[in-house]
Asker: 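The structure under discussion is supplied below as structure tokens; questions concerning it will follow.
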Number of protein chains: 2
Amino acid sequence: MSKGEKTRDKILQKAAGLASICGLEDMSIGKLAEATGLSKSGLFAHFKSKENLQAQVIQWVANMFTEEVLRPAFREQRGVPRIRAIYGNWKDWIDGESLPGGCVMIASSTEFDDRPGTVRDEIVNMMNTLLDVLTKSAQIAIDEGHFRSDADPRQFSFEFESILHGYHLLQRLLKDPDASKRSDLAMERLLSTYEATMSKNTEN
Amino acid sequence: MSKGEKTRDKILQKAAGLASICGLEDMSIGKLAEATGLSKSGLFAHFKSKENLQAQVIQWVANMFTEEVLRPAFREQRGVPRIRAIYGNWKDWIDGESLPGGCVMIASSTEFDDRPGTVRDEIVNMMNTLLDVLTKSAQIAIDEGHFRSDADPRQFSFEFESILHGYHLLQRLLKDPDASKRSDLAMERLLSTYEATMSKNTEN
DNA sequence: CCAATAATAGCACGACCGTTCGGTTTTTTG
DNA sequence: CAAAAAACCGAACGGTCGTGCTATTATTGG
């Protein structure tokens, strides 16, 4: 890894943290330069525009999310255990274990939903990929016999995602001490609806 | 209503629309002045700071939400019909029937969750009030015998809110043509879990 | 209708924004 | 080790930001 790539990575790391707190748009080149110890123009040279910087931050965050939330979960058993692992890791991610300001993807989803451009496209792509992973995981749970065979994997991914958004609200904005409990209960209700009944399990 | 109050209201109306699109922070005094036809300083005089303007926008939006989503729903029958009405009206609200950029409350929830100050306090207060209304509506559904007597109204409000956040994501960011269907199915699943079984209904 | 008051405009300010450019340092390469 | 290339800095640019002033216009109450 060359010098340039190394500093570029350091910049993106700081940028992701900054963006998680104040948003992608309010993350300015000046603040970021100060946070990294670089000059404004020196930093800017790595990205040819702010829009490009924002897009790369999104990609960087998506990679980090894959690494810290998805990949560890995919070492768990296929089906429901893996889904539970994704859920738990994502909650930790929202709590700010990796980025101080919580989930950049959830935040940028509402920040850029009405702003056409490269950044929005990147966020849409990232979010669709994530939903596809969740859908695929639900399909695996069906194949494993954990979920009912007539379950709708896409519908599951929607409801799964919704719960995490709700958790984000209670935990980060409202700081509700019951946030985790509320979220867990919702997830249990979701899983129990999709899980094969015991009588159906005996079919296997 | 005096002249000042009238123009202040017009400003807040435009401001809410602008904020729904580009966020509360990126809604600048200059843009807002141009949109309303006022001068920057003339507009500024109505609010003594931008922070105060933002806080008043939140209050204005909360009032509008009450008027367009909650109040019509409260003309419906107590219990589940009322809850369904809130759900339907809120979906229309998110679709942008009232504000072009969708639900300001959902957007500002993630925009200000890490920014202490008056604006954040206002958003927290608004969101808590909203969740309280939902909780109370669930409690009424219990009292009416629509929901099981051992149902948790607060838990219901969390899951209800979560679904709307999920809908916001699919509808406004991803523009998923199935957004409404996904959301409706989730809401049906939520209601059916909480609804009293028919055998329990015969107790009455 | 006139005086008191409120509403609005014009202008200027310092600060920060994203961006460009030319020069200097550092790294990489042959 | 020298030459080529990459990385980085400092200064400056036109703009916009939020926010004060002062003056002028419009509204209101007696």
Side-chain angles (χ1 to χ4, degrees), chain A residues 1-19 21-58 60 108 111-112 114-120 122, chain B residues 1-60 108 111-112 115-122:
Chain A
M1 187 151 63
S2 72
K3 173 102 193 297
E5 286 171 337
K6 196 171 287 186
T7 52
R8 200 191 68 110
D9 213 65
K10 272 214 159 181
I11 293 171
L12 286 175
Q13 183 178 341
K14 284 274 185 190
L18 229 168
I21 294 176
C22 51
L24 273 173
E25 196 65 33
D26 205 44
M27 168 200 72
S28 70
I29 313 267
K31 291 181 199 167
L32 192 50
E34 192 186 18
T36 53
L38 294 186
S39 70
K40 232 177 28 154
S41 57
L43 188 151
F44 184 84
H46 283 271
F47 320 88
K48 291 173 301 186
S49 69
K50 179 174 185 183
E51 191 180 15
N52 183 253
L53 165 63
Q54 291 171 322
Q56 289 197 232
V57 168
I58 291 292
W60 197 89
S108 57
E111 188 182 359
F112 277 84
D114 289 308
R115 298 192 202 183
T118 312
V119 183
R120 184 188 196 283
E122 210 66 51
Chain B
M1 187 152 59
S2 72
K3 173 100 192 301
E5 286 170 336
K6 197 172 286 185
T7 51
R8 200 191 68 112
D9 213 66
K10 273 212 160 183
I11 294 171
L12 286 176
Q13 183 178 340
K14 285 274 183 188
L18 230 169
S20 77
I21 294 176
C22 51
L24 275 173
E25 195 65 32
D26 205 44
M27 168 201 71
S28 71
I29 314 267
K31 292 181 198 167
L32 193 49
E34 192 186 19
T36 53
L38 294 186
S39 70
K40 232 178 25 155
S41 57
L43 188 150
F44 184 82
H46 283 271
F47 320 88
K48 292 172 299 184
S49 69
K50 180 173 186 184
E51 191 180 16
N52 184 252
L53 165 63
Q54 291 171 322
Q56 288 197 233
V57 168
I58 290 292
Q59 288 171 346
W60 197 89
S108 58
E111 188 182 358
F112 277 85
R115 298 192 204 183
T118 312
V119 184
R120 185 188 197 282
D121 297 343
E122 210 65 51

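These numbers come from the heavy atoms of this one structure, side chains and all, not from hydrogens, waters or symmetry mates. Numbers restart at 1 for each chain; the letters A, B, ... are given by sequence-line order, proteins then strands.
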Asker: Looking at B:K31 and B:D26, is any side-chain nitrogen of the basic one under 4.0 Å from a carboxylate oxygen of the acidic one?
Answerer: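 Yes, B:D26 and B:K31 are salt-bridged.
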
Asker: Is any side-chain N of the basic residue among A:E34 and A:K40 closer than 4.0 Å to the acidic one's carboxylate O?
Answerer: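 A salt bridge is absent here (no side-chain N lies under 4.0 Å from a carboxylate O).
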
Asker: Among residues at least two apart in sequence or on other chains, which ones pass side-chain contact (heavy atoms from CB on, under 4.5 Å) with A:T118?
Answerer: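 For A:T118 the side-chain contact (heavy atoms from CB on, under 4.5 Å) partners, ignoring immediate neighbours, are A:E51, A:A55.
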
Asker: Do A:Q56 and A:E122 have side-chain atoms, one donor and one acceptor, less than 3.5 Å apart?
Answerer: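 Per modelled atom types, A:Q56 and A:E122 side chains form no pair under 3.5 Å.
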
Asker: Looking at A:H46, is its backbone amide N or carbonyl O close enough to the side chain of A:R8 to form a donor-acceptor pair, meaning the two atoms are under 3.5 Å apart?
Answerer: no

Asker: Could you tell me the separation between the CG atom of B:L38 and the P atom of D:dT25, rounded to a whole number of Å?
Answerer: 17 Å

Asker: On the nucleotide D:dG10, are OP1 or OP2 found under 4.0 Å from the side-chain N or O atoms that A:S39 carries?
Answerer: no

Asker: Give a yes/no on whether any side-chain N or O of A:H46 is located under 4.0 angstrom from OP1 or OP2 of D:dC8.
Answerer: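 Affirmative; the distance criterion is met.
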
Asker: Please report the distance, rounded to the nearest Å, between CD in B:Q54 and P in D:dC17.
Answerer: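 Atom-to-atom, B:Q54 to D:dC17, this comes out as 13 Å.
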
Asker: Give me the residues of residues 5-19 of chain B where at least one heavy atom lies under 4.0 Å from an atom of DNA chain D, by number, or none.
Answerer: none

Asker: Between C:dA7 atom C1' and B:F47 atom CZ, what is the distance in whole Å?
Answerer: 13 Å

Asker: Determine whether a donor-acceptor pair (one donor, one acceptor, N or O, separation below 3.5 Å) exists between the side chain of A:K40 and the base of D:dG10.
Answerer: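 No pair found.
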
Asker: Would you mind reading off the distance between A:E34 atom CD and C:dA15 atom P, rounded to a whole angstrom?
Answerer: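 Distance, rounded to whole Å: 15 Å.
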
Asker: Tell me if the side-chain of A:S41 makes a donor-acceptor pair with the base of D:dG10, cut-off 3.5 Å, by modelled atom types.
Answerer: yes

Asker: Please report, rounded to the nearest Å, how far the P atom of C:dC16 is from the CD atom of A:E25.
Answerer: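 Computing the A:E25:CD to C:dC16:P distance gives 18 Å.
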
Asker: Of the options C:dC17, D:dT28, C:dG18, whose atoms approach the side-chain atoms of A:F44 most closely?
Answerer: C:dG18

Asker: May I ask you to say what A:A45 touches in the nucleic acid, namely base, sugar-phosphate or nothing, with a heavy-atom cut-off under 4.0 Å?
Answerer: nothing

Asker: Less than 4.5 Å apart, any side-chain heavy atom of B:K50 and any of B:E25?
Answerer: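 They are in contact (side-chain heavy atoms under 4.5 Å apart), so the answer is yes.
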
Asker: Taking everything shown except A:K14 itself, do over 12 heavy atoms lie less than 6.0 Å from its NZ?
Answerer: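 No, the 6.0 Å shell around NZ holds no more than 12 heavy atoms from other groups.
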
Asker: To the nearest Å, how far apart are A:L53 CG and C:dG18 C1'?
Answerer: 11 Å

Asker: In whole Å, I'd like the distance from the CD1 atom of B:I29 to the P atom of D:dG18.
Answerer: 5 Å

Asker: Tell me: NZ of A:K50 to C1' of C:dC16, nearest whole Å?
Answerer: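 So the NZ-C1' distance, A:K50 to C:dC16, works out to 11 Å.
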
Asker: Taking only side-chain N and O atoms of B:K3, does any of them lie within less than 4.0 angstrom of OP1 or OP2 on C:dT8?
Answerer: yes

Asker: Taking for each residue the nucleotide of DNA chain D with the nearest heavy atom, is it B:M1 or B:D26 whose nucleotide lies nearer the 5' end?
Answerer: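 The 5'-side residue here is B:D26.
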
